Student: 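Supplied in structure tokens, the structure appears directly below.
Computed from a predicted structure; not experimentally measured. We name chains A, B, ... by the order of the sequence lines, and we start the count at 1 in each one.
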Number of protein chains: 2
Amino acid sequence: MLQEEVSILLGQKNMSKTPCRVEVLRVLLESGSALSEPDIRSRLNGGFDRTTVYRTLRSFLDQDVIHSISLEGGTVMYAITHQKEKHAELFHSHFFCDDCSKVYCLTKPEFEPPVLPEGFKANGYDLLINGTCNNCS
Amino acid sequence: MLQEEVSILLGQKNMSKTPCRVEVLRVLLESGSALSEPDIRSRLNGGFDRTTVYRTLRSFLDQDVIHSISLEGGTVMYAITHQKEKHAELFHSHFFCDDCSKVYCLTKPEFEPPVLPEGFKANGYDLLINGTCNNCS
DNA sequence: CGTATGTTTGCAACATTGTTGCAGAATAAA
DNA sequence: TTTATTCTGCAACAATGTTGCAAACATACG
Ligand SMILES: [Mn+2]
Ligand SMILES: [Mn+2]
Ligand SMILES: [Zn+2]
Ligand SMILES: [Zn+2]
């Protein structure tokens with residue numbers, strides 16, 4: 001179940017199974033949605049230092065185990081990168097619920113960016129839709 | 001020309017014409033694209049304090065004279081809200097040039113957000129396209 | 001004019017998010 | 001066991017942004 005999934009995620013990326021890494025992954029997997037660093041740290045069993053958590057997040061980001069979502073206002077949320085459909089996950093949009101403030105990864109819809117002015121070439125995008133979520137309507 | 005435009009922007013919002021406000025608007029109007037607070041402050045004539053600039057930006061944000069664009073990585077850019085087409089300006093996308101790092105406001109295309117999962121209702125969005133700009137291709 | 005009131009500014013202090021240097025603890029390799 | 005590598009905690013720092021306070025400035029009113 002959970003322990004399994006953590007081991008798989010770390011194994012796939014050849015990352016050693018350190019206590020902090022295991023805990024951060026557990027918290028993110030259990031939560032299901034994106035969390036900020038303070039969110040994550042407050043849920044860790046074992047009381048890790050802020051620095052250690054940031055270093056763990058950094059290695060996960062470098063290895064694409066997680067990705068970050070920057071909200072307006074500066075808050076940064078971290079979420080597991082589910083690799084079931086590898087390419088689909090690299091480009092995907094996010095949803096912010098104005099009600100419960102949860103952030104969801106939207107993997108389903110292949111959204112097509114708008115037409116750009118003459119001379120502009122798109123390379124990627126970053127879309128955050130806000131509104132009311134599943135759970136709050 | 002420029003002095004005129006500054007006066008009009010401040011007058012429309014019933015804001016007094018203080019030295020710092022005039023300077024910040026001048027810099028933003030002259031630049032044409034979005035700028036960060038350090039960018040702005042380094043171009044001000046008169047050497048204003050960091051705090052004063054932030055307070056000026058805050059009042060401009062509150063009055064919708066400017067709007068902010070949060071880039072991935074945390075940098076926040078500030079740009080004039082052109083009110084020629086009032087409603088069109090409130091919802092618009094932005095373009096980040098991977099080459100010259102300039103940020104452009106995209107007012108033209110009415111982009112349609114992707115279909116959301118059952119139970120999700122969209123209220124707005126925040127789209128940042130990246131690629132190569134006009135000037136760098 | 002002088003005085004009272006309100007606004008702008010600068011400075012110091014603080015909060016938050018994130019990174020880096022360094023040394024000790026824990027793991028893994030030899 | 002000894003050695004080498006990796007994690008972790010602590011302190012320090014940087015960047016962005018906010019707040020409290022007092023001096024400077026502008027406005028209004030007598
Ligand atoms: Mn995501
Ligand atoms: Mn804009
Ligand atoms: Zn919700
Ligand atoms: Zn460019």
Student: Five pairs at each end of the helix from C:dC1-D:dG30 to C:dA23-D:dT8: take the axis at both ends and give me the angle between them to 10°.
Tutor: 10°
Student: Using side-chain hydrogen bond (donor to acceptor under 3.5 Å, both in side chains) as the criterion, list what pairs up with A:Lys17, not counting sequence neighbours.
Tutor: A:Ser7
Student: Could you go step by step and tell me if A:Leu9 and A:Ile80 meet the side-chain contact (heavy atoms from CB on, under 4.5 Å) rule?
Tutor: CA-CA 10 Å; A:Leu9 277 173; A:Ile80 298 263; 4.2 Å; yes
Student: For the pair made of CE in B:Met77 and C1' in D:dG17, what is the distance, rounded to whole Å?
Tutor: 17 Å
Student: Which whole-number value in Å describes the distance from A:Glu23 CD to D:dC7 C1'?
Tutor: 15 Å
Student: Taking side chain as C-beta onward, heavy atoms only, is A:Tyr54 less than 4.5 Å from A:Glu37?
Tutor: yes
Student: What does the B/S/- profile of nucleotides 10-21 of chain C look like, 5' to 3', with a 4.0 Å heavy-atom cutoff to protein?
Tutor: BBB----BBBBB
Student: Tell me which pairs pass side-chain hydrogen bond (donor to acceptor under 3.5 Å, both in side chains) where either residue lies in residues 127-137 of chain A, with sequence neighbours left out.
Tutor: A:Asp98-A:Asn130
Student: Transitive ILVMFWY cluster of A:Met77 at side-chain heavy atoms under 4.5 Å: who else is in it?
Tutor: A:Ile69, A:Leu71, A:Phe96, A:Val103, A:Leu128
Student: Are B:Tyr78 and B:Phe60 an aromatic pair by the rule of ring centers under 6.0 Å?
Tutor: no
Student: Starting at atom CZ of B:Arg41, determine the distance to atom P of D:dG17, rounded to an integer number of angstrom.
Tutor: 11 Å
Student: Scan side-chain atoms only and decide if A:Ser31 and A:Arg43 contain a donor-acceptor pair under the 3.5 Å cut-off.
Tutor: no
Student: Any side-chain heavy-atom pair from A:Arg21 and A:Ser16 closer than 4.5 angstrom?
Tutor: yes
Student: For residues A:His82 and A:His92, establish whether the separation of their ring centroids is below 6.0 Å.
Tutor: no
Student: Between B:Glu23 and B:Leu44 (side chain of the first, backbone of the second, donor and acceptor by atom type, cut-off under 3.5 Å), is there such a pair?
Tutor: no
Student: Roughly how many Å is it from CG in A:Leu57 to P in D:dT8, rounded to a whole number?
Tutor: 12 Å
Student: Counting only non-hydrogen atoms, which of residues 11-21 of chain A are less than 4.0 Å from DNA chain D?
Tutor: A:Ser16, A:Thr18, A:Pro19, A:Cys20, A:Arg21
